[in-house]
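One structure is given here, and the rest of the page talks about it.
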Amino acid sequence: MKLLKMRGTKKSQFEYKRVVDELPHLSWLKWALAEANLAARRNTWTPPRPIDIILLSSNKEKRLVRSGEELLDVIVDALNRIEKRLHGATPEVRSLWNYLENGKFTPWNENEFSNYIKQRLDDEIRGRGIITNREVELQPTLGWK
């Protein structure tokens, strides 16, 4: 168990967690799991390059993205800014509805809304070296009848 704990890989960390889950009555294993997690973080951490730190410090909008979790953070931040645009001083939320007649409206369909979010994500994260895309659509529809 000690060898597995000190190996310091994501796989060994996963396997150690599996052992802890299978033997919950051995409380000392939980402390050893914390040590295995620490070893995995220590062995898998990649420090940023000096040039990355300089570039990051020159622009508060730039983010260093080295993993899926960090990319998710960038996207969540962008979605929060989009939400503020939807409900801000000049709310964009009104533009997400189709005017029918007699003052009645219907919401945009999924494809129209997906296009809107993709365009806004492009606006929000352009210049950060991140390209947004969306699921493939075999026969795109315009949403007009």
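In this structure Leu79 satisfies the side-chain contact (heavy atoms from CB on, under 4.5 Å) test together with Ile75, Ile82, Ile117, Leu121, sequence neighbours excluded. Every side chain to side chain donor-acceptor pair (under 3.5 Å) that Lys17 has, sequence neighbours left out, goes to Asp21. Among residues two or more places apart in sequence or in another chain, the side-chain contact (heavy atoms from CB on, under 4.5 Å) test is passed with Ile51 by Arg49, Leu55. By the side chain to side chain donor-acceptor pair (under 3.5 Å) test, Glu22 is found to be paired with Arg18, residues two or more places apart in sequence or in another chain being considered.
Note that CG of Leu86 is 13.5 Å distant from CZ of Arg81, once rounded to the nearest 0.5 Å. With values rounded to the nearest 0.5 angstrom, Asn80 atom CG is found 10.0 Å from Glu124 atom CD.
The hydrophobic cluster around Val76 extends to Leu72, counting ILVMFWY residues whose side-chain heavy atoms fall within less than 4.5 Å of a member. Leu100 forms part of no hydrophobic cluster, judged by ILVMFWY side-chain heavy-atom separations under 4.5 Å.
The ring-ring contact (aromatic ring centres under 6.0 Å, His included) contacts involving residues 64-103 comprise Tyr99-Phe105, where partners must be two or more places apart or lie in separate chains. The list of salt bridge (charged side-chain N to carboxylate O under 4.0 Å, His left out) pairs with a residue in residues 87-102, not counting sequence neighbours, reads Arg85-Glu92, Glu92-Arg120.
Between the side chain of Asn102 and the main chain of Lys104, no donor-acceptor pair closer than 3.5 Å is present.
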